[in-house]
Amino acid sequence: MPISTSPATRIHRSGIRTLMELAMRDPEAIRLEIGEPDVPTPAHVVAAAGRDAAAGHTGYTSSTGTPELRAALAEKVRRVNGLEVTAEDVVVTHGAMHGLAMAIAALAGPGDAVLLPDPEFPNWRMAAVAAGVDVTTYPAHAANGFVPTLADIEAAITPQTRVLVVCSPNNPTGAMYPADLLAGVVELARRHDLWVFSDECYEAITFDAPHVSPASFDTDGRVVTFFSFSKTYAMTGWRLGYVVSRDAGVVDLLGQVAEATVACPSSVSQRAALAAVTGPQDDVRTAVASYQERRDAAVALLAARGVPCVRPAGAFYLMVDVSAATTDSEAFALRLLDERHVAVSPGSAFGAAGEGMVRVSLAAERGALLEGLGRLADLVGAWGEVAVPAAVATP
């Protein structure tokens, strides 16, 4: 058979998924590796989807989403995010991942580069590579709470840079970027004539300060914003997200790419999303309060055990420093799963700056989370010890 010449052959598999699939084979594993809410989709959302499916809302929709959902999302973005947008500025996508992949394919191409934060959400890199786009990074240091500086971002811009990506609240670090930094990012992009892609999938999950979108400072339509239903409404398997752009040309391009890839988002999922965004938000508030309490308990446990971590300000992740044991984060994660039955994501899955750390998801049952972190701390302390097989252990 002919050998593939597609850029997709250069995609490296995510270390998150590798650990997830290994953990799925271990019935005893405490699952802290995957970013999935531990609560069900709100009952009123499931009920609405069932009613609407039974009523026949199961056909094709526009490639950019149903008019009802686009209008409801525009109203939400005006009310919650403070952005003056209309339904025509919203594109409904087959999950936020589909939205970011479409945007890269629509607005960048071979010879261009996408500039990501390091640590990074690996799917951004995978989408860029699949589109034949180069990837470069700017640092977000743990010593600064994983918040980058404008000087470091600007230093990483090259003549090939086409897109600058920011992610706040951040996956994997939980960092939130302050308003002055985001305003500076938009101005920096204006000076260098770049697109700003803003990953705001965790916008609703904040603990210490309100979420701010860089689109608040956008005056010429260069900021493209990505949202998700997965984390806010525990709708990971429904596969629905949305992109907001005030550039009509961008919206048209996204619609064309959507038609060429998925035809349209799921009609049933769109009805569920409409119920989620227009219905009661009590489940969201309850979940966020629970994540915050778990964050505080997790940080306190690690501090008591002498294991460093960076206290996240949002999202539901915790980057834990295991370098006292080893800087090989994959080796640590594999041994932790094998010996202690705890699954975490290796920091190397998120780029060079993640080495020596592992990412822990706080979206796990509280008792399991704290038990898993206790076992992690035990392994950090015992790393240099060689396990003696039970058959030859001395009394």
Side-chain angles (χ1 to χ4, degrees), residues 34-37 41-42 45 49 61-77 80-81 83 85 87-107 121-124 126-128 130-131 163 165-171 196-205 211 213-215 223-246 250-251 253-278 281 284 287 314-316 363:
I34 198 72
E36 183 164 31
T41 303
V45 174
T61 74
S62 166
S63 295
T64 53
T66 65
E68 297 91 344
L69 181 56
R70 294 176 74 190
L73 292 172
E75 191 282 326
K76 173 265 173 185
V77 170
V80 175
N81 304 97
L83 307 179
V85 300
E88 286 69 35
D89 301 321
V90 178
V91 177
V92 182
T93 61
H94 183 66
M97 185 65 235
H98 179 231
L100 66 88
M102 289 200 307
I104 290 176
L107 299 177
F121 175 51
N123 293 48
W124 276 107
M126 296 167 76
V163 175
V165 175
V166 295
C167 180
S168 176
N170 185 269
N171 178 10
V196 176
F197 285 2
S198 180
D199 182 339
E200 301 181 24
C201 291
Y202 295 88
E203 52 154 347
I205 307 172
H211 168 258
S213 172
V223 177
V224 182
T225 311
F226 303 84
F227 298 97
S228 173
F229 286 86
S230 292
K231 315 303 181 179
T232 303
Y233 297 104
M235 293 177 66
T236 51
W238 297 82
R239 305 313 306 137
L240 210 72
Y242 56 107
V243 181
V244 175
S245 171
R246 287 178 280 194
V250 171
V251 172
L253 277 173
L254 292 177
Q256 292 174 32
V257 178
E259 187 175 353
T261 52
V262 298
C264 67
S266 160
S267 56
V268 174
S269 293
Q270 289 187 72
R271 303 297 290 195
L274 184 62
V277 76
T278 60
Q281 304 298 301
V284 177
F316 45 54

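It should be emphasised that the depicted structure is a prediction, and the values quoted were computed from it without experimental measurement. Quick note: numbers below take in every heavy atom, side chains included, and nothing from hydrogens, waters or symmetry partners.
With sequence neighbours left out, Ile34 forms a side-chain contact (heavy atoms from CB on, under 4.5 Å) with Ile16, Met20, Glu36.
Here the side chain of Glu203 pairs no donor or acceptor atom with the backbone of Val80 at under 3.5 angstrom. Of the possible polar contacts, one joining the Ser63 side chain to the Ala263 backbone as a donor-acceptor pair under 3.5 Å is found. Between the Ser245 side chain and the Val251 main chain, no donor and acceptor come within less than 3.5 Å of each other. Put simply, the side chain of Arg246 never gets that close to the backbone of Val224: no donor and acceptor are under 3.5 Å apart. Between the side chain of Ser168 and the backbone N or O of Asn170, no donor-acceptor pair lies under 3.5 Å.
The distance from atom OH of Tyr233 to atom CH2 of Trp238, rounded to the nearest 0.5 Å, is 14.0 Å. From Ser198, atom OG reaches atom CZ of Phe227 across 7.0 Å, with rounding to the nearest 0.5 Å. Here the straight-line distance linking atom CE of Met235 with atom OG1 of Thr232 works out to 10.5 Å at 0.5 Å rounding. Atom NE2 of residue His98 and atom CZ of residue Phe226 lie 11.5 Å apart, to the nearest 0.5 angstrom. For the atom pair OH (Tyr242) and CG (Leu73), the distance works out to 5.5 Å, reported to the nearest 0.5 Å. With rounding to the nearest 0.5 angstrom, the CG atom of Asn171 is 4.0 Å from the OH atom of Tyr202.
Across every non-hydrogen atom of Gly255 and Thr64, the tightest pair is CA-CG2, 3.7 Å. Across all their heavy atoms, Asp89 and Val85 have their closest contact at OD2-CA, 3.3 Å.
Here the side chains of Asn81 and His211 are in contact, with some heavy-atom distance below 4.5 Å. Between Pro37 and Phe316, the closest side-chain pair of non-hydrogen atoms falls below 4.5 Å. When side chains are defined from C-beta on, Val166 does not count as touching Asp199, because their heavy atoms never get closer than 4.5 Å. Using a 4.5 Å heavy-atom threshold, the side chains of Phe229 and Thr236 count as separate. Residues Val243 and Leu254 meet the side-chain proximity criterion, which asks for heavy atoms closer than 4.5 Å. Looking only at side-chain heavy atoms (C-beta outward), Val250 and Leu107 come within less than 4.5 Å of each other.
Sequence neighbours left out, the pairs with a member in residues 267-277 that pass side-chain hydrogen bond (donor to acceptor under 3.5 Å, both in side chains) are Asp52-Arg271, Thr61-Gln270, Ser266-Ser269. Among pairs with a residue in residues 64-75, those fulfilling salt bridge (Lys or Arg N to Asp or Glu O under 4.0 Å) read Glu75-Arg79, at least two apart in sequence or across chains.
One side chain, Glu200 or Ser213, offers a donor N or O that lies under 3.5 Å from an acceptor on the other.
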